[in-house]
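Positions are given from 1 along the sequence.
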Amino acid sequence: QVQLVDSGGGVVHTGGSLRLSCVASGRAIDDLTMAWFRQAPGKEREFVASTTWSGQRTDYTNSVRFRFTISTDKARSTVYLQMNDLKPEDTAVYYCAAQRLGSVYNLRPNYWGQGTQVTVSS
C-alpha cells in the first residue's frame, strides 16, 4: 500500500554533513505524516524528526534540533533530512517512516523504509 525508499547514508568525519532522502509511493500519500527514526548499536529505535507534507508542522528530538532539518518536496513525494555538524553519537541506521493521519508530535509509524547507514567517524 505504501512503500518508502530511503537513501543518502554514508561515512563522514565529525562535523560533516549528509542529506538523507525518502521517496514515498503508493496510495493516499497525502494522508501520511513523515518522519525519520534512527537506531544506534545497542540502543532502541528513536525518533529523530517529523513533518507534515506542507512543512507547516515539524518536530525534532532535542539532540538534533539545532543541527538537522527535515524538509519535503511534495511534488516528488520526497522527504529529506539535512544533517549538519554530525557527531559520532549520530551514528545509526536511519529509517524513513510514515503514519496515516498522524501527529508530528506523537508519531506511531505504520510504514518503514529499509534503512540507510550513517557513520560518523572521529
* Do Tyr111 and Val48 belong to the same hydrophobic cluster, where Ile, Leu, Val, Met, Phe, Trp and Tyr are linked whenever their side-chain heavy atoms lie under 4.5 Å apart, directly or via other members? -> yes
**Request:** Taking Gln99 for its side chain and Arg108 for its backbone only, find out whether a donor-acceptor pair lies under 3.5 Å.
**Result:** yes
**Request:** Following the transitive rule for hydrophobic clusters with a side-chain heavy-atom cut-off under 4.5 Å over Ile, Leu, Val, Met, Phe, Trp and Tyr, establish whether Val2 and Trp112 coincide in one cluster.
**Result:** no
field: Cation-pi geometry met for Arg65 and Tyr60 (6.0 Å, 45°)
entry: no
Item to check | Derivation and outcome, side chain to side chain contact (heavy atoms under 4.5 Å, CB included), residues Val104 and Thr52 | outcome: CA-CA 7 Å; Val104 300; Thr52 59; 3.9 Å; yes
Between Leu107 and Leu4, is there shared hydrophobic-cluster membership here, with clusters defined by ILVMFWY side-chain heavy atoms closer than 4.5 Å?
no
Which atom pairs, one a donor and one an acceptor, fall under 3.5 Å between side chains of residues 113-122 and the rest of the protein, sequence neighbours left out?
unit_1, atom_1, unit_2, atom_2, d
Gln114, OE1, Asp6, N, 3.4
Gln114, NE2, Asp6, O, 2.7
Gln114, NE2, Asp6, OD1, 3.1
Thr116, OG1, Gly9, N, 3.0
Gln117, NE2, Ala92, O, 3.4
Gln117, NE2, Thr119, OG1, 3.3
Ser121, OG, Val12, O, 3.4
Ser121, OG, His13, ND1, 3.2

- Are Leu20 and Val23 joined in one hydrophobic group, where the rule is that I, L, V, M, F, W and Y side chains link up if heavy atoms are under 4.5 Å apart? no
Going by distance alone, is a donor N or O of one side chain under 3.5 Å from an acceptor N or O of the other, for Tyr80 and Arg19?
no
Checking Arg45 against Tyr95: charged group under 6.0 Å from the ring centre and within 45 degrees of the axis?
yes
Check whether Ile70 and Ile29 end up in the same hydrophobic cluster, where Ile, Leu, Val, Met, Phe, Trp and Tyr are linked by side-chain heavy atoms less than 4.5 Å apart. yes
Quiz item: Does Phe37 have its ring centroid less than 6.0 Å away from the ring centroid of Phe47?
Solution: yes
Residue pairs meeting side chain to side chain donor-acceptor pair (under 3.5 Å), one or both in residues 67-79, sequence neighbours left out, come to Arg67-Asp90
